[in-house]
There are 2 protein chains.
Amino acid sequence: MKYKKSAGQNAKERILDVSEKLFAEGSFASVSVRTVTSAANVNLSAVNYYFGSKKGLFQAVYVRRATLMNHERLGLLQEAVGKARQEGRAVSVRELVNAMLTPPIFWLYEKEKGLSGYIRFLARAYLEAASDMENVLSQEVDVFDKFVPYFQEVNPSLTVEDIYWRIHFIMGVMHHTINHLDRIGLLSHTACSVETREQTRDRMVAFCCEGF
Amino acid sequence: MKYKKSAGQNAKERILDVSEKLFAEGSFASVSVRTVTSAANVNLSAVNYYFGSKKGLFQAVYVRRATLMNHERLGLLQEAVGKARQEGRAVSVRELVNAMLTPPIFWLYEKEKGLSGYIRFLARAYLEAASDMENVLSQEVDVFDKFVPYFQEVNPSLTVEDIYWRIHFIMGVMHHTINHLDRIGLLSHTACSVETREQTRDRMVAFCCEGF
DNA sequence: TATCGTTTAAAACATACGTTTAGAAAGCAG
DNA sequence: CTGCTTTCTAAACGTATGTTTTAAACGATA
């Protein structure tokens with residue numbers, strides 16, 4: 001029951017790949033359907049054929065890797081929890097923050113696959129959400145809820161309010177690094193050079209952990 | 001030599017006020033000239049008459065309050081420096097971070113004047129800059145350079161690279177709070193309620209200081 | 001009042017936009 | 001092959017975009 005053509009169902013994926021990258025670099029309104037389709041070497045009407053509308057394409061770009069992203073984060077969380085339980089101790093703040101930040105930052109440095117584009121797309125989608133697609137970030141936010149009990153366990157003096165504020169700040173550090181990593185050299189007058197993904201991650205984790 | 005009309009030179013200011021607010025809520029491309037002019041109750045061609053182009057308007061919105069913003073930050077810095085010198089001590093990290101964060105956060109909470117809109121406009125302009133207006137954020141960045149020596153003084157073990165990375169993270173905390181302050185309640189499932197500007201500022205300063 | 005520079009107004013410009021349509025081309029089943 | 005569904009193409013639709021043009025209205029000066 002599968003119908004293929006020369007370029008076949010690659011076309012749909014190709015549109016997703018291209019628009020993921022374009023939406024990562026510009027706003028929703030600034031990226032036209034024509035730019036997408038010509039960059040993907042498909043017909044203009046392909047976007048409406050496969051995704052119904054431009055907005056449908058945007059949401060499809062989000063959905064494609066959303067579960068994978070969250071799965072990775074929760075995987076690291078469970079890994080840290082398991083290791084801690086095995087050693088008869090509570091999960092450390094560093095492990096928690098590490099589980100939150102490692103997937104997006106490692107994705108950001110991944111150049112060959114589209115993961116880098118996706119993570120930058122996500123950071124932008126957060127601002128786009130204000131106008132239209134509120135539900136886009138709901139899935140993203142749900143993941144962080146899972147971390148709250150562990151933060152409470154390791155530091156019972158913190159209220160839920162305190163924890164959410166810190167999670168909010170961590171997201172700020174994360175999003176800003178995603179959006180402006182390539183401009184850190186310009187900010188610092190070339191004092192800061194490009195680092196490995198581990199170095200960047202460790203800097204962020206260190207900064208955010210101290211905030212707890 | 002002044003030529004006024006009924007609405008007179010208010011028109012220009014009115015356009016700036018309105019587009020400051022609109023650009024704060026949507027991207028550059030998503031806000032049309034017609035939306036601006038009709039919201040400002042001026043003729044469509046007024047934007048091109050006063051500012052040459054849509055992009056000229058955008059830059060004019062930025063320029064209008066840029067110096068005031070930076071002046072306030074540097075004022076707080078000098079104030080802290082003077083107080084520290086008088087007491088024969090080095091400026092504390094808390095004072096430095098406070099000088100960086102207080103103006104934008106206090107502006108954010110200022111509702112009557114357009115300062116709240118401007119600060120949200122600024123946070124958005126940072127992302128818009130990627131495509132076109134690189135020079136927009138140059139002035140913003142220069143201010144932070146002034147803080148670097150004081151950070152070095154209070155903690156000589158830090159390299160310039162370390163300091164700029166921390167400034168980068170502070171900017172992340174700041175921008176994210178500016179962009180998503182109204183959604184902190186949604187993130188936390190109403191665990192976090194709206195606070196005073198001082199409470200929010202203190203939370204941010206505390207989080208960022210620990211990172212040093 | 002007449003004049004000049006400034007500001008507003010209405011209309012049109014050319015282009016770009018997202019979307020729709022109708023039909024051709026292609027793949028699979030019988 | 002013949003039917004049938006899926007995929008792709010080209011063209012057009014209607015509307016929205018930023019900008020320009022032309023002229024009218026206005027305020028101050030002389």
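In the text below, chain A, chain B and the rest are named by the order of the sequence lines, each starting its count at 1.
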Requested in this report: List for me each residue that meets salt bridge (Lys or Arg N to Asp or Glu O under 4.0 Å) alongside A:Glu161, sequence neighbours excluded, and say none if there are none.
Outcome: B:Arg203
Report summary line: A:Lys12 atom NZ is separated from D:dT7 atom C1', nearest whole Å, by 12 Å
Query - Ionic contact status for A:Arg64 with A:Asp17, cut-off 4.0 Å - result: yes
Requested in this report: Take atom CG of B:Leu57 and atom C1' of D:dT17, then tell me their distance rounded to the nearest Å.
Outcome: 15 Å
Query raised in the report: Of all residues at least two apart in sequence or in a different chain, which pass the salt bridge (Lys or Arg N to Asp or Glu O under 4.0 Å) check with B:Glu95?
Result: B:Arg89
Query - A:Arg34: partners by salt bridge (Lys or Arg N to Asp or Glu O under 4.0 Å), with sequence neighbours left out - result: none
Query - Test side-chain contact (heavy atoms from CB on, under 4.5 Å) applied to B:Thr102 - qualifying residues, sequence neighbours left out - result: B:Leu76, B:Asn98, B:Phe106, B:Arg201
Report summary line: Quick tally for nucleotides 14-20 of chain C: nucleotides whose base has a protein heavy atom under 4.0 Å get B, sugar-phosphate-only ones S, the rest -, giving ---BBBB
Query raised in the report: Roughly how many Å is it from CG in A:Asn10 to P in C:dA26, rounded to a whole number?
Result: 17 Å
**Report entry** d(CZ, A:Phe51; P, D:dC8) in whole Å
**Finding:** 11 Å
Requested in this report: Sequence neighbours left out, what passes ring-ring contact (aromatic ring centres under 6.0 Å, His included) with A:Trp165? Give chain and number order.
Outcome: A:His168, A:Phe169
